[in-house]
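What follows is a set of notes on a single structure, which appears directly below.
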Amino acid sequence: MPVRVRFAPSPTGYLHVGGARTALFNWLFARHEGGEFHLRIENTDTSREVAEAVGQIQETLRWLGLDLDGEVTIQLDRMERAQEVGQQLVAEGKAYEDEGAIRFRMPNEGVTVWEDVVLGRIEYPNEKLEDLVLVRSDGRPTYNFVSPLEDVLDGITHVIRAQDHVSNTPKQLQILKALGAELPVYAHVPLLNGADGRKLSKRHGALTVEEFRAEGYIPEAFVNFLALLGWSYDDHTEIMSRKELVERFTLERVGKSAAIFDYDKLRHLNGVYLRALPPDEYADRLVAYLRERGYDWDEQRIREAAPLVQEKIATLGEFPDFAGFLFARPEPAATDGAVLPAAAETLEQVEPFEAERIEAALRDLAERLGLKPRDAFQPIRLAVTGSPVSPGLFESLELLGKEESLVRMGGTGRGGASGSSAR
RNA sequence: GCCCCCGUCGACUAGCGGCCUAGGUCACGGCCCUUUCAAGGCCGUAGCACGGGUUCGAAUCCCGUCGGGGGCACCA
């Protein structure tokens with residue numbers, strides 16, 4: 001039987017990183033096995049918000065590169081089918097009417113056992129199982145009823161979900177047994193926690209995949225990072241392409257304990273991926289990102305700036321702060337502008353105005369003035385970029401052009417040696 | 001309260017009885033390189049929760065304690 005898995009989020013809004021990780025593990029498993037990956041929306045109402053959330057979830061999965069098989073199924077569409085099955089269970093004496101609702105008869109003794117691919121053998125005492133409502137008095141089926149029912153209807157072979165579902169599993173197993181259905185294999189993947197070890201929440205930072213996207217993380221890096229949360233290939237391999245992840249992913253190597261979402265490591269990985277991109281593709285991504293974020297900066301200029309920042313920033317979102325001075329005059333920064341007049345005079349003579357010549361001229365100047373390179377260049381950087389941190393100075397000057405560079409240097413230079421005044 | 005699960009450096013993890021003086025990565029510290037910031041190179045700090053067993057031998061197996069998480073709905 002071919003493998004078929006499903007990712008079944010509830011449509012409460014944008015996809016959370018925890019959900020994304022669960023979706024990724026499902027997808028990796030399906031692709032590794034040559035099986036199918038389906039999306040099922042577990043809703044109990046059909047509000048407009050739900051429709052929007054479904055769209056957002058699909059867009060996020062698309063961005064992550066987790067392609068779907070088959071049609072997206074909506075839980076509520078199965079409502080009537082679930083009611084019929086509920087009635088059938090009543091007829092068989094496996095469930096009973098209770099004030100208009102249908103309630104399932106749970107066994108009172110014995111244990112429900114399953115072999116969890118991640119957790120191992122789990123035994124759950126049946127006496128702890130309460131008779132649960134299958135269909136509410138208003139006719140809507142409950143989650144613990146439809147979810148396993150749909151798994152049967154959809155031919156789901158492996159249920160890969162987060163560990164907060166562990167205690168639902170014995171209930172669902174009992175229902176499946178009553179239905180006479182073939183049982184799927186269960187794999188409960190560890191949860192994702194925030195820095196304090198507690199539930200991941202807003203105060204820990206970004207939470208939805210869309211937020212990370214907005215901050216300039218790229219999907220390859222994000223997927224690689226997510227894969228490493230609760231799964232590992234061996235004792236040293238970390239950077240893996242999507243293809244390699246698919247080849248190497250197995251549920252057997254998924255860990256049991258909850259992981260903490262490490263923003264530092266994500267950022268590092270993103271930097272690794274960004275630096276590894278071919279220059280022209282890096283520029284493409286940067287342009288696309290800035291457009292997405294609403295920047296109307298000149299595309300040609302962005303492309304020219306790309307090589308100056310590729311080695312230096314770890315997320316595309318850092319570009320505006322880091323290289324924004326190339327697109328608009330920065331606020332003048334406080335600096336000791338003593339060298340500025342001489343530097344301006346020197347640069348005036350540089351022709352053509354190219355990084356290599358600029359560097360040679362300025363180094364020569366520094367030497368004549370008896371200044372360390374850093375002492376000579378930093379005031380220029382401050383004047384031209386408006387910041388003590390910037391892309392390479394000489395390349396930046398070249399990009400800006402002689403005229404604009406001199407204007408910026410002159411603007412601060414007039415302040416004289418004190419240079420502490422902004423004007 | 002009851003039930004289930006988990007427990008290796010600050011973080012992600014490797015480890016499935018001897019290869020462990022516990023390995024890799026991020027973060028952190030130092031040095032080098034250097035026009036700033038990064039990147040890169042070298043070095044370093046730091047961990048098997050605790051207590052009992054089992055065994056010639058335990059991070060690895062068993063029991064207990066402690067700690068953490070999840071769940072106990074006509075929510076999903």
Side-chain angles (χ1 to χ4, degrees), chain A residues 8-12 41-45 75 98-103 112 116 118-120 122-130 132-147 161-171 188 190-193 195-199 225 227-239 252-253 255-269 271-272 274-275 309-314 318 322 358-359 362-363 366 371-382 385 387-397:
Chain A
S10 45
T12 49
I41 302 298
E42 308 216 309
N43 64 320
T44 43
D45 63 84
Q75 189 166 83
D98 176 28
E99 291 176 21
I102 295 177
R103 212 177 264 278
T112 300
D116 197 283
V118 172
L119 262 14
I122 295 180
E123 301 189 13
Y124 197 94
N126 289 339
E127 56 177 329
K128 299 297 170 190
L129 263 22
E130 289 188 358
L132 64 85
V133 170
L134 263 25
V135 181
R136 300 177 176 86
S137 38
D138 68 2
R140 288 151 56 228
T142 59
Y143 165 78
N144 274 312
F145 179 40
V146 229
S147 187
R161 58 187 6 174
Q163 280 177 17
D164 52 353
H165 283 290
V166 172
S167 49
N168 285 326
T169 307
K171 302 173 193 172
H188 287 94
L191 296 169
L192 252 33
N193 289 152
D196 52 5
R198 305 185 84 80
K199 213 172 162 70
F225 172 73
L228 258 17
L229 247 30
W231 175 83
S232 65
Y233 176 57
D234 58 20
D235 64 344
H236 65 280
T237 309
E238 300 221 312
I239 306 294
E252 284 68 29
R253 288 198 63 85
K256 297 180 176 185
S257 49
I260 289 174
F261 196 95
D262 186 349
Y263 293 84
D264 283 335
K265 187 157 183 174
L266 202 215
R267 183 168 180 279
H268 166 80
L269 259 188
V272 170
L274 244 23
R275 289 191 295 277
V309 304
Q310 185 166 9
E311 283 289 318
K312 301 187 177 269
I313 59 178
E318 290 160 40
F322 192 66
I358 292 169
E359 176 168 5
L362 288 179
R363 282 192 189 283
L371 290 173
K372 286 183 190 167
R374 134 181 220 130
D375 295 330
F377 302 158
Q378 198 62 355
I380 303 174
R381 184 189 312 282
L382 253 343
T385 73
S387 165
V389 175
S390 80
L393 180 58
F394 316 119
E395 291 78 6
S396 295
L397 288 169

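All values below were derived from every heavy atom in this structure, side-chain atoms included, with hydrogens, water molecules and symmetry-related copies excluded. Reminder, nothing fancy here: chain letters follow the sequence lines and each chain counts from 1.
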- request: Could you tell me which residues satisfy ring pair (Phe, Tyr, Trp, His ring centres under 6.0 Å) with H165(A), sequence neighbours excluded, listed by chain and number?
  value: Y143(A)

- request: For D234(A), check side chain to side chain contact (heavy atoms under 4.5 Å, CB included) against everything at least two apart and list the hits.
  value: H236(A), T237(A)

Name the pairs: protein N/O against N/O of nucleotides 2-4 of chain B, kept only if under 3.5 Å.
unit_1: rC2(B); atom_1: O2'; unit_2: K128(A); atom_2: NZ; d: 2.8

statement: Residues passing the side-chain hydrogen bond (donor to acceptor under 3.5 Å, both in side chains) test with K265(A), sequence neighbours excluded, are E238(A)

List, with names and distances, any nitrogen or oxygen atoms from the protein found under 3.5 Å away from nitrogen or oxygen atoms belonging to nucleotides 6-9 of chain B.
unit_1: rC6(B); atom_1: OP1; unit_2: K256(A); atom_2: NZ; d: 3.4

message: The criterion is salt bridge (Lys or Arg N to Asp or Glu O under 4.0 Å); which residues satisfy it with E127(A), sequence neighbours excluded?
response: none

task: Sequence neighbours left out, what passes ring pair (Phe, Tyr, Trp, His ring centres under 6.0 Å) with F322(A)? Give chain and number order.
output: none

task: Could you tell me which residues satisfy ring pair (Phe, Tyr, Trp, His ring centres under 6.0 Å) with F261(A), sequence neighbours excluded, listed by chain and number?
output: F212(A), F225(A), Y263(A)

field: Pairing residues for P170(A) by the side chain to side chain contact (heavy atoms under 4.5 Å, CB included) criterion, not counting sequence neighbours
entry: T112(A), W114(A), Y124(A), L129(A)

field: Side-chain donor/acceptor of S137(A) to base of rC74(B), under 3.5 Å
entry: yes

statement: Sorted by chain and residue number, the side chain to side chain contact (heavy atoms under 4.5 Å, CB included) partners of E252(A) (sequence neighbours excluded) come out as V117(A), T250(A)

- prompt: Counting N and O atoms only, with roles assigned by atom type, does the side chain of R253(A) sit under 3.5 Å from a partner on the main chain of S232(A), one being a donor and the other an acceptor?
  reply: yes

- request: Go along nucleotides 23-41 of chain B 5' to 3' and tag each nucleotide: B for a protein heavy atom under 4.0 Å from its base, S when only backbone or sugar atoms are that close, - otherwise.
  value: BBBBS-------BBBBS--

query: Which residues pass the ring pair (Phe, Tyr, Trp, His ring centres under 6.0 Å) test with Y233(A), sequence neighbours left out?
result: none

